[in-house]
Amino acid sequence: MRFDILTLFPEIFSGYLNQSLLKKAQDRGLVEVHLHNFRHWSWDRDRRVDDRPYGGGPGMVLRPEPVVECAEDVQAMHPQPGHLVLLTPQGQRLNQALVEQLAQHPRLILICGRYEGFDERVRLILRPQEISIGDYVLNGGEVAAMVIIDAVIRLVPGVLGDEDSSVQDSFSGPERWLEGPQYTRPREYRGYRVPDVLLSGDHEAIRRWRQEQSRIRTAQRRPELLQPPLDKDSQSGT
Ligand code: 97T
């Protein structure tokens, strides 16, 4: 899986990219990450990447040339065509189903803007998939890009040591319920005891208890997950 990241602040990624899980995945050749500063694609005298909005108003707008030309040159750097993703508050909301779709692409090109936004021609020319990570305002797309990378690489075969831990986690099992309580040693801490069933050795009873706890927690905290809305493809036309 190859990621190309277009950003004005590549240094934001260094701590994350050198973190152990991702470092190991890169060392083992499972994941490749390439950073590209689209300021280098600005041919302007002082390498300006933004400018004042036509029609007036506060803030600045990212100019189309550096972003479009950087994306085109980065595409040409590798024979595998990259799926273009633009991080923006106006995009499709990220969820695990979308993460699973993104993980199908062998190469993703993630375009990170600043909060001011891009000249509209970036969208019209590159036709990227536009993705938002949630309904809040960030200063730029970099953190959103890291969220996507973090969620996607967990689905790349071999990246997690334990092959089925990604399948067992909430939101990737068939039920997509929240996880219930978990315990480790000690058996009693500040008067709180580990539920007896977990010490019973009765695997079927443990499985039923966990499923029930998961259902209770989901009902209390995220009731909408128990009655998932029909997805678009399975809706009838009537
Ligand atoms: O708020 C943003 C600013 C720039 C790029 C992306 C975002 C954003 O992405 N998901 C939520 C907000």
Side-chain angles (χ1 to χ4, degrees), residues 1-17 19 22 33-42 47-72 74-75 82-105 107-155 170-172 176 222 224-225 229 231-232:
M1 177 100 206
R2 173 178 168 128
F3 296 92
D4 288 281
I5 305 168
L6 278 52
T7 172
L8 294 170
F9 299 97
E11 61 282 359
I12 292 179
F13 292 85
S14 61
Y16 173 66
L17 294 176
Q19 157 243 143
L22 189 45
V33 184
H34 300 267
L35 292 161
H36 312 277
N37 187 337
F38 59 80
R39 189 178 298 281
H40 300 154
W41 275 262
S42 169
R47 308 237 140 183
R48 285 176 69 98
V49 288
D50 56 9
D51 208 336
R52 290 167 301 155
Y54 275 119
M60 302 288 270
V61 176
L62 289 167
R63 296 172 52 186
E65 309 96 309
V67 184
V68 168
E69 283 156 40
C70 178
E72 288 170 347
V74 165
Q75 270 291 15
H83 179 68
L84 283 168
V85 171
L86 185 73
L87 287 317
T88 161
Q90 297 127 56
Q92 181 183 357
R93 176 86 80 75
L94 188 70
N95 60 18
Q96 191 64 22
L98 181 48
V99 170
E100 284 164 17
Q101 286 175 29
L102 293 171
Q104 302 300 308
H105 296 278
R107 183 181 180 206
L108 294 175
I109 301 177
L110 307 175
I111 306 174
C112 309
R114 295 273 89 201
Y115 76 91
E116 302 95 323
F118 297 93
D119 183 289
E120 187 63 15
R121 288 161 293 188
V122 168
R123 294 181 167 92
L124 297 171
I125 294 167
L126 296 177
R127 299 249 152 230
Q129 181 172 17
E130 298 185 33
I131 297 180
S132 160
I133 62 163
D135 294 336
Y136 33 77
V137 183
L138 304 173
N139 287 308
E142 287 78 10
V143 170
M146 285 186 265
V147 167
I148 289 183
I149 294 170
D150 208 75
V152 166
I153 59 162
R154 301 181 72 262
L155 303 181
S170 300
F171 297 117
S172 51
R176 296 174 185 250
R222 300 288 304 278
E224 78 280 12
L225 296 177
D231 62 53
K232 285 195 209 81

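Here the structure is a predicted model, which means the values were calculated and not measured. Atoms within a ligand are numbered from 1 in the order they appear, just like the ligands themselves. When a residue number appears, it is its place in the shown sequence, counting from 1.
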Give the atoms of ligand 1, by number and element, whose distance to some non-hydrogen atom of [X] is under 4.0 Å.
X	result
Gly141	4 (C), 5 (C), 6 (C)
Ser132	10 (N), 11 (C)
Val137	1 (O)

Heavy atom of the protein closest to [atom] (residue, atom name, distance):
atom	value
atom 10 (N) of ligand 1	Ile133 N, 2.8 Å
atom 11 (C) of ligand 1	Gly134 O, 3.2 Å
atom 7 (C) of ligand 1	Pro89 CD, 3.6 Å
atom 1 (O) of ligand 1	Leu138 N, 2.8 Å
atom 12 (C) of ligand 1	Tyr136 O, 3.3 Å

Under a 3.5 Å threshold, yes or no: a donor from one side chain and an acceptor from the other, between Glu130 and Gln90?
no
Check the orientation of His83 and His105. Use parallel for under 30°, tilted for 30 to 60°, and perpendicular for over 60°.
parallel
Could you give the distance from CG (Leu86) to CZ (Arg127), rounded to the nearest 0.5 Å?
12.5 Å
Assess whether salt bridge (charged side-chain N to carboxylate O under 4.0 Å, His left out) is satisfied between Arg114 and Glu116, documenting all intermediate values.
CA-CA 6 Å; Arg114 295 273 89 201; Glu116 302 95 323; 5.9 Å; no
Answer yes or no: is there a donor N or O on one side and an acceptor on the other, between the side chain of Gln75 and the main chain of Gly82, under 3.5 Å?
yes
Evaluate whether atom CZ of Arg52 has more than 12 neighbouring non-hydrogen atoms of other residues, nucleotides or ligands under 6.0 angstrom away.
no
